Structures are given as C-alpha cells and as structure tokens.
Student: 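Pasting a structure here, questions to come.
For the numbers below, each heavy atom of this structure counts, side chains included, while hydrogens, waters and symmetry mates do not. All figures in this text were calculated on a predicted structure; none of them were measured in a lab.
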Amino acid sequence: MAAIEIRLPVARKLVVQSLAQGSDKHLVAPGDTITTDTGYMRGHGTYMGDEKLVASVAGAVERVNKLICVKALKTRYNGEVGDIVVGRVTEVQQKRWKVETNARLDSVLLLSSMNLPGGELRRRSAEDELAMRDYLQEGDLISAEVQAVFSDGAVSLHTRSLKYGKLGQGVLVQVSPSLVKRQKTHFHDLPCGASVILGNNGFIWIYPTPEQKDEEAGGFVTNLEPVSVHDREVISRLRNCILALVAQKLMLYDTSIVYCYEASLPHQIKDILKPEVMQEIVLETRQRLLELEG
Amino acid sequence: MDSLLFCLKASVTLEDLRVDGRGCEDYRCIEVETDVVSNTSGSARVKLGHTDILVGVKAEMGTPKLENPKEGYLEFFVDCSANATPEFEGRGGEELATEIVNTLYRIFSNESTIDVKSLCINPREHCWVLYVDVLLLECGGNLFDAISIAVKAALFNTRIPKVRVLEDEEGSKEIELSDDPYDCIRLNVENVPCIITLSKIGCRHVVDATLQEEACSLASLLLSVTSRGTLTCMKKLGNGSLDPESIFEMMETGKRVGKMLHTSLQKILDKEESLGTTRQKVGFLG
C-alpha cells in the first residue's frame with residue numbers, strides 16, 4: 001500500500017517550441033484582428049467589424065485560397081456527414097432516440113435508421129415502436145455514423161451497419177472534438193490488446209478486443225462477462241495515455257496513442273497522470289512521431 | 001450509465017484496480033500551497049486531481065460567546081463559486097455550501113480540536129474570532145477531503161498577532177498590538193482532523209472518488225479522523241443503504257488511510273515551512 005503523495009506546486013514550464021516544425025501558426029483570441037485586407041471571404045469563427053476581419057473564437061487561423069476561418073481549440077461538436085460518433089441516449093421518443101454527442105443540440109437517431117436484429121429490411125411497424133426501449137434505453141452508449149445535418153445544426157445519425165450499435169463494457173473518455181484527427185477509419189484494434197473507437201465528436205471509447213471477429217461491437221446483446229485483469233490494466237493505461245496526450249494538446253489518432261502507450265510502459269498506470277511523467281511521456285511520443293514523418 | 005457502472009463494479013469488486021489505475025485506497029496526486037492570499041492571516045490552496053479549493057483565515061477581534069466566556073471561536077463560510085461547475089450558478093450551490101459548513105462546525109465543535117482558550121484575550125470582553133472562508137474553485141469529486149486538508153493547512157499557516165492588555169487607572173482596558181509584525185502566535189493543528197470520504201461501489205469501498213465514481217456510488221461514508229487514528233465524527237451521504245459490517249470495514253479503512261494522510265500532510269507543511277523565504281510562490285499564475 002503506497003503512501004499518499006502530497007507535494008508542493010511547481011511552476012509549469014513551457015514545452016519546447018522548437019520541436020514542432022509547422023509552429024508558425026497564427027493564433028488568435030476572440031476580438032483579435034486577423035487581417036485588414038477586404039479581399040478575403042470570411043469562414044467559421046470570424047466576423048466583419050469596422051472594415052477588418054475579426055476572430056470570434058480562440059484558435060488557429062486557417063487560410064484556403066481566399067477563405068479565412070478560425071479553427072477553435074475547444075468547441076462543441078459540429079456534425080458533418082460521414083463522421084463516426086459515440087453518443088449516449090438521453091431520451092426515447094415516438095419514433096426516434098435523442099442522443100447526446102457533445103454538440104449544441106441533441107442528435108437524433110431515427111427508428112428507421114436503426115438496424116433490426118438479424119439484419120432484416122422491412123418497414124418499421126407499430127410493434128417496433130413499442131419495442132424501442134428493448135433496443136436502446138436512456139443511458140446506453142452507441143456508436144453511429146452521421147447521416148444528415150438539419151438546417152438548425154442538429155445531426156441525424158444512423159447505425160445501418162453491423163459495426164455500429166450499442167456498446168458493451170469499456171471506458172469512455174471525453175475530449176475536445178478538435179483533438180481527434182480525421183482519418184479513413186476510426187475503429188482501431190491496437191496491438192496492445194484493446195480496441196478503440198475515436199469518435200469525431202470527442203468521445204473516445206476503449207474496450208477489450210472481442211475474440212470472435214464476426215461479432216462486432218454492434219448488435220444489441222451486450223457481453224456482460226467479467227473482463228480479465230490484464231485487459232483492464234491495458235484499458236486503464238490507454239485511458240491515462242489519452243488524457244496525457246489531451247493535456248499536452250497532441251492530436252489523437254491510432255499511431256500517437258500506440259506510441260504514447262509504449263512510452264508509458266516503464267511507469268505504473270496511476271503515475272501516468274502526474275505532471276512530470278505526463279510531460280516526459282508526451283515528449284517521447286512527439287519525438288517518435290517527428291521521426292516517423294521524416 | 002449501466003455499462004459504466006458495471007465496468008466499475010467489476011473492476012473494483014474483483015481486483016484492486018480502478019479506471020485510472022489506482023487501487024481502492026489510493027489518493028490522486030495532491031498539491032498544497034500555503035500563504036497564497038496576502039491580506040489574510042493564513043491561507044492555503046489544495047489541488048486534488050481536478051478539485052481546487054482555496055481557504056483563507058482572518059483573525060479579528062470580537063466578543064466571546066455567552067456560554068464560553070473564556071474562549072475564542074471559529075466561524076466557517078463556504079462559497080461554491082459558479083466557476084466550479086454550471087450547477088452552482090446563481091443559488092444552486094447554497095445547499096452544498098450549507099452541508100459543508102454544518103460538517104465543518106460539527107468537526108470543530110470538539111473542544112480538543114483547536115485550543116480555543118488560547119484565543120481569549122480578556123474573559124467576557126475580547127477574544128480572537130477566526131473567520132475561515134472556503135472557496136470552491138473547481139469541482140472534480142471528493143470535495144470534503146480536499147476542504148478538510150485545505151482548512152488544516154490554512155490553520156497551520158495562520159499567524160495571529162500578539163496583543164497586550166493594558167490596564168488604565170480608571171480600570172478601562174486597552175489593547176496594544178505588538179510593534180514587530182512577525183511577533184505572532186501560531187495555532188497547534190495536531191488534533192485537527194481530516195475528512196476521509198469512502199464511497200461504496202459494488203461491494204467494495206473506494207477512497208477519493210472522482211466525479212464519475214461518485215455518480216456510480218449509491219452511498220458514501222464521511223469520516224473525520226485525527227492524526228492518531230481516532231474517529232471523531234461520522235456521517236452517511238447518499239440514498240443507498242450500507243450494511244453494518246461494511247460500515248465497520250469502512251471505518252477501519254478510514255482510520256488507516258487517515259493516519260497516512262496526516263503524516264504526509266504534516267511532512268509537506270513542515271517542508272514548506274523550512275523553505276522559508278527561499279520558497280518560490282507559484283500561486284495562481286504558475
């Protein structure tokens with residue numbers, strides 16, 4: 001039984017800037033002038049004030065030809081078609097479920113967009129409506145894909161594939177959506193023994209890799225068998241590594257998570273969240289990622 | 001919440017492993033700093049994971065209470081700042097604040113906690129009143145423990161100026177403050193207890209629950225433990241029920257963990273004291 005550690009605070013040191021190669025980003029705070037040139041089109045996160053372009057959020061300026069927009073560091077999730085999201089069911093309504101996905105409005109999962117067990121394709125009847133609660137209840141976690149975005153910004157989801165559906169045992173980590181890198185696939189089976197779903201909305205689901213490959217994370221039967229200690233240790237370590245990457249503002253994708261996991265192996269799981277250990281691990285991860293790039 | 005609850009229950013029930021890798025009796029990393037607010041007699045800031053507490057102690061002259069004319073007393077006030085969580089907006093934090101204040105009064109009502117007789121200047125006329133103000137800056141689970149650690153550290157840091165009572169010929173008393181600003185009396189915080197909150201998850205209990213773990217636990221036991229391992233006060237929180245046997249187990253765990261907490265805390269307070277003026281003050285801009 002370890003002693004309780006109490007320490008004196010230490011002033012935080014700035015992380016070495018020279019490591020980042022593209023470090024000449026134009027960072028702005030709300031109210032900062034981006035440019036006084038009127039030839040640009042204004043994108044998200046900007047507004048026109050007094051003949052100059054002003055930022056409305058805190059983040060980095062991105063310029064694509066004539067379009068200037070500001071990408072904020074910490075935002076709510078803005079849905080786009082094709083994104084993978086992990087959400088929690090908050091309400092069961094007439095023909096749909098309301099899912100919380102860290103967006104400004106609750107996302108909607110229509111009954112017609114949900115897979116029926118057995119993969120049958122038919123019109124949803126009144127019995128299906130009454131049996132909605134057997135599929136998904138309030139508090140259940142699901143993985144889904146964005147089908148459409150309504151005019152008010154609310155997102156419509158669908159689980160029209162066997163890889164989406166209700167999630168079983170695992171750990172949820174909530175981060176800012178801007179830290180999840182957009183990739184071809186967001187379902188990863190990591191070599192360390194766990195699987196991870198990197199939701200574009202910032203919800204990251206870590207779960208033990210299922211043994212049979214046909215039985216994906218979808219479906220409605222949750223596996224409630226106890227998870228082995230070894231798997232649970234791997235999942236806890238991954239969770240702490242992800243929190244360490246988020247604290248140091250590194251983009252989250254499968255390679256960065258795996259490198260961070262490997263860098264954290266010499267330390268105990270609960271030590272990863274200590275500030276000095278966090279910095280050391282993330283520094284090593286950063287160096288390896290830079291080496292990988294070239 | 002079901003999947004989360006089950007994962008937590010299983011991991012805590014079968015093995016000594018929580019979601020963040022800690023054991024059932026491990027605390028998160030605690031940071032303590034005293035003397036952060038310059039215009040108080042004593043102050044302390046405690047960071048326990050995502051929980052941030054600031055305590056300030058001001059010593060003022062007042063009249064002793066009628067029932068205890070030869071003693072000074074302590075007054076507690078808790079402010080749940082709206083910065084901590086959106087639920088504290090407006091008057092949302094008042095209920096929690098009243099609960100914390102009542103718990104603190106209960107703990108300090110024991111006469112051996114703080115030597116209140118030393119706070120008396122003139123029986124029935126003048127005494128020192130210590131106003132202890134607690135400010136909740138961030139709410140990350142396990143509030144009571146962090147608040148009790150901060151109150152103990154702030155009382156350790158409190159410096160009350162030495163006063164002399166001068167008698168006039170007519171009999172009226174005058175109070176004279178010492179000229180030397182460093183001439184002050186310190187409080188003996190050896191017997192000040194710390195609160196240990198034990199939350200019951202599944203069939204085991206955990207110390208220092210995070211917000212997620214608190215949401216999953218149906219019942220928790222709040223124990224106030226002194227540095228010698230004596231239990232002075234006990235309170236049950238939550239809607240769930242506790243088995244009498246598990247209450248005994250929780251009490252034993254609480255006493256054990258409490259003794260360790262006190263040793264670590266006293267060590268760090270002594271270390272901070274020994275650094276003296278060479279200590280780099282981090283404060284809020286570190």
Student: Looking at CZ of B:Arg22 and CG of A:Asp271, how far apart are the two atoms once the value is rounded to the nearest 0.5 Å?
Tutor: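 Atom-to-atom, B:Arg22:CZ and A:Asp271:CG are 12.0 Å apart.
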Student: Anything under 3.5 Å between a donor and an acceptor, one on a side chain of residues 101-108 of chain A, the other on a protein residue two or more places apart or in another chain? List them.
Tutor:
| from | atom 1 | to | atom 2 | distance (Å) |
| --- | --- | --- | --- | --- |
| A:Thr101 | OG1 | A:Ser107 | OG | 2.7 |
| A:Arg104 | NH1 | A:Asn78 | OD1 | 3.0 |

Student: Does the pair B:Asp20 and A:Lys270 meet the rule for a salt bridge (charged side-chain N to carboxylate O under 4.0 Å, His left out), with working shown?
Tutor: CA-CA 6 Å; B:Asp20 49 4; A:Lys270 58 185 169 183; over 6 Å; no
Student: Any chance you could measure B:Leu17, atom CG, to A:His230, atom NE2, to the nearest 0.5 Å?
Tutor: 12.0 Å
Student: Could you measure the distance from the CE atom of B:Met260 to the CD1 atom of A:Ile4? Nearest 0.5 Å is fine.
Tutor: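 These two atoms lie 4.5 Å from each other.
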Student: Between CG of A:Leu172 and CD of B:Gln212, what distance do you get to the nearest 0.5 Å?
Tutor: 7.5 Å
Student: Quick check on B:Ile149 against chain A: is it the side chain, the backbone, both or neither that has a heavy atom closer than 4.5 Å?
Tutor: neither
Student: Taking atom CD as the centre, does B:Glu138 end up with more than 12 heavy-atom neighbours from other residues, nucleotides or ligands that are less than 6.0 angstrom away?
Tutor: yes
Student: Just how far is it from atom NZ of B:Lys271 to atom CG of A:Leu8, taken to the nearest 0.5 Å?
Tutor: 5.5 Å
Student: For A:Glu233, is it the side chain, the backbone, both, or neither that has a heavy atom closer than 4.5 Å to a heavy atom of chain B?
Tutor: both
Student: Sort out for me which of A:Val229, A:Leu243, A:Ile235 touches chain B most, counting heavy-atom pairs under 4.5 Å.
Tutor: A:Val229
Student: Which heavy atom in B:Gly21 sits nearest to a heavy atom in A:Ile269, and how many Å separate them?
Tutor: CA-CG2, 3.7 Å
Student: Can any side-chain N or O of B:Ser264 pair as donor or acceptor with the backbone N or O of A:Ile6 at less than 3.5 Å?
Tutor: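 No: the side chain of B:Ser264 does not pair with the backbone of A:Ile6.
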Student: Under 4.5 Å heavy-atom distance to chain B, tell me which part of A:Arg239 shows up: side chain, backbone, both or neither.
Tutor: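 Only the side chain of A:Arg239 comes within 4.5 Å of chain B.
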Student: Contact between B:Val282 and A:Val10 at the side-chain level, heavy atoms closer than 4.5 Å - yes or no?
Tutor: no
Student: Just wondering, more than 12 heavy atoms not from B:Lys235 lying within 6.0 Å of its NZ?
Tutor: yes
Student: Counting only heavy atoms not in B:Arg228 (residues, nucleotides, ligands), do more than 12 fall under 6.0 Å from its CZ?
Tutor: no
Student: Decide if atom CD of A:Glu276 counts as having more than 12 heavy atoms of other residues, nucleotides or ligands within a radius under 6.0 Å.
Tutor: yes
Student: With B:Phe108, which residues qualify under ring-ring contact (aromatic ring centres under 6.0 Å, His included), at least two apart?
Tutor: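 B:Phe108 satisfies ring-ring contact (aromatic ring centres under 6.0 Å, His included) with B:Phe76 only.
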Student: Does atom CD of B:Glu87 have more than 12 heavy-atom neighbours from other groups under 6.0 Å away?
Tutor: no
Student: Are more than 12 heavy atoms, taken from residues, nucleotides or ligands other than B:Gln280, located less than 6.0 Å from that residue's CD atom?
Tutor: no
Student: Are side-chain heavy atoms of B:Cys29 and A:Arg7 found at a separation under 4.5 Å?
Tutor: yes
